[in-house]
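Values in this document were obtained by computation on a predicted structure and should not be read as measured data.
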Amino acid sequence: MSRLALGGAALVGAGLLACLGPYPNVGEKLDGVDQVNGTSYIALDGGGARILILAPFDGGRTAPFTRIDEQQPRAVQTLQGTYSGQNLDVDFSSTTLFTLPNEASTPVSGRSGASRKQLSPPTVSRVHVDSATSEVLDLSGSGSFAGRYRRLLGRTALVDGAAPDAPACAFHLANLAVESSEARIPGFNSAGMTQYLNRVEPFEGILSGKVTVGLVGLFSPVSTITFTDYADFEGVVLDGVQISSTDTSGNGGLSGVLGFRIQRDGLPPLEGSVDYGQVSLSNGNESGNYLVTLDGGATVPVPTGRRIPPLEQCLGL
């Protein structure tokens with residue numbers, strides 16, 4: 001269900017390249033993400049994953065946070081800012097919003113794609129801490145932050161590498177990190193990708209590493225996205241390449257192999273890879289199978305579309 005690469009650039013002419021996308025100046029830093037090194041928690045909302053990353057206060061009263069909302073089946077929003085607390089009341093002050101809307105039914109040429117917005121003044125959400133343990137965080141109050149969160153590394157430990165559904169569960173976790181990265185590549189999944197024509201731009205992971213994106217070809221665009229030690233949250237690290245080859249209407253296919261490492265609390269990590277060679281694109285939308293190999297075992301086809309099995313089953317939520 002991820003738009004793992006360009007999904008069609010709908011290139012509309014070299015004369016427009018200079019003005020397409022929100023950051024047209026060559027060499028300008030694009031995503032402006034803040035790296036947040038903290039504890040990652042996960043909750044599910046209607047089948048979509050909500051990941052909350054909280055950096056420690058380290059003696060102060062304010063610290064950075066990131067909230068990643070993956071809204072089934074295709075949209076992603078990421079909020080960044082700071083949080084501060086007094087007793088059991090916590091204020092989240094959001095300063096940056098990254099958005100990748102669900103535009104599956106919109107022709108590629110009409111899509112807005114991923115974008116970044118600075119929130120000025122910051123948006124403040126107050127929540128109440130109902131309970132907090134080493135594994136569970138219960139928040140109430142603001143609907144956008146409220147929920148029962150579990151520490152992500154404790155949940156990934158429930159993925160049993162010997163279980164029949166382990167390859168699919170590992171892929172779904174790795175795919176969360178792929179989707180998170182897409183929301184911070186300006187113009188992703190739209191004609192705005194033309195700003196990367198004949199250039200390669202790096203983007204930092206929220207936790208560590210980087211991803212680079214580049215595009216070649218004006219009327220038969222090929223985009224290459226390369227992950228290097230990339231992590232947006234605890235539990236998933238990506239290394240590898242995804243390639244999208246399409247026409248200007250977003251019809252074509254994917255290729256490349258992406259390696260992943262699923263970190264598990266108290267257990268060895270699960271290592272595997274995703275081969276995209278059997279994924280087709282129509283109007284930038286995927287069909288077919290991801291070919292997933294886990295820890296040197298058999299290769300398992302995982303169908304595109306909604307997650308099977310669901311994350312609730314994979315993570316015991």
Side-chain angles (χ1 to χ4, degrees), residues 1-8 42 44-51 68-76 100-106 108 155-156 158-183 188-189 223 225 227 235-236 238-246 249-262 270-317:
M1 59 162 279
S2 77
R3 300 145 316 283
L4 292 168
L6 172 60
I42 188 168
L44 292 180
D45 184 2
R50 177 177 295 171
I51 298 174
I68 303 166
D69 286 345
E70 177 241 20
Q71 302 161 2
Q72 292 281 291
R74 292 176 67 90
V76 182
L100 180 63
N102 178 6
E103 299 179 288
S105 61
T106 303
V108 174
R155 297 292 101 188
T156 57
L158 299 181
V159 180
D160 180 359
D165 60 4
C169 286
F171 167 77
H172 297 325
L173 287 167
N175 207 35
L176 285 177
V178 172
E179 292 181 331
S180 175
S181 74
E182 294 168 350
F188 187 90
N189 204 38
S223 70
I225 297 178
F227 294 87
V236 179
L238 304 177
D239 281 283
V241 178
Q242 305 167 339
I243 301 170
S244 168
S245 303
T246 67
S249 296
N251 302 315
L254 300 180
S255 61
V257 176
L258 177 65
F260 58 80
R261 185 166 67 255
I262 307 300
L270 292 175
E271 297 190 11
S273 63
V274 185
D275 186 323
Y276 298 105
Q278 288 190 3
V279 178
S280 299
L281 295 170
S282 177
N283 188 36
N285 302 318
E286 298 175 1
S287 62
N289 293 299
Y290 310 107
L291 302 179
V292 181
T293 306
L294 188 60
D295 283 341
T299 298
V300 176
V302 176
T304 61
R306 290 189 177 273
R307 288 186 287 251
I308 302 174
L311 276 180
E312 291 92 334
Q313 179 177 327
C314 293
L315 301 179
L317 296 173

Any donor-acceptor pair under 3.5 Å from Asp160 side chain to Ala162 backbone: yes
Verdict with supporting geometry, Ser273 and Asp275, side chain to side chain contact (heavy atoms under 4.5 Å, CB included): CA-CA 7 Å; Ser273 63; Asp275 186 323; over 6 Å; no
Residue pair Tyr276 / Gln242: nearest heavy atoms and the distance that separates them: OH-NE2, 3.2 Å
Closest approach of Tyr290 to Val279 (non-hydrogen atoms, all atoms of both residues): CD2-CG2, 3.7 Å
Beyond-backbone contact of Arg155 with Leu173, side-chain heavy atoms, under 4.5 angstrom: no
Side-chain heavy atoms of Asn283 within contact of Val108, under 4.5 Å: yes
Intermediate values then yes/no, side chain to side chain contact (heavy atoms under 4.5 Å, CB included), Val236 and Ile262: CA-CA 5 Å; Val236 179; Ile262 307 300; 4.0 Å; yes
Beyond-backbone contact of Phe227 with Asp239, side-chain heavy atoms, under 4.5 angstrom: no
Residue pair Val302 / His172, side-chain heavy-atom distance below 4.5 Å: yes
Separation of Leu100 CG from Glu182 CD (nearest 0.5 Å): 6.5 Å
Pairwise side-chain contact, Leu311 with Leu317, heavy-atom cut-off 4.5 Å (strictly under): no
Side chains of Ser244 and Leu281 in contact at under 4.5 Å (non-hydrogen atoms): yes
Heavy-atom closest contact (Ile308 atom, Ala168 atom, distance): O-CB, 3.7 Å
Distance-only donor-acceptor check, side chains Glu103 and Asn189, under 3.5 Å: no
Any donor-acceptor pair under 3.5 Å from Asp69 side chain to Val76 backbone: no
Nearest non-hydrogen partners of Val159 and Cys314, listed with the distance: CG2-O, 3.9 Å
Side-chain heavy-atom pair Asn102, Gln71 within 4.5 angstrom cut-off: no
Ala49 backbone acceptor or donor facing Glu70 side chain under 3.5 Å: yes
Atom of Val292, atom of Pro167 and distance for their closest heavy-atom approach: CG1-O, 3.6 Å
Non-hydrogen atoms of Gly161 and Leu294 that approach each other most closely: O-CD2, 4.2 Å
Interatomic spacing from CG in Leu254 to CD1 in Ile243 - rounded to 0.5 Å: 9.5 Å
Side chains of Ile225 and Val241 in contact at under 4.5 Å (non-hydrogen atoms): no
Whether Asp295 side chain and Gly297 backbone form a donor-acceptor pair below 3.5 Å: no
Exercise: do Thr299 and Thr293 side chains pair donor with acceptor under 3.5 Å: yes
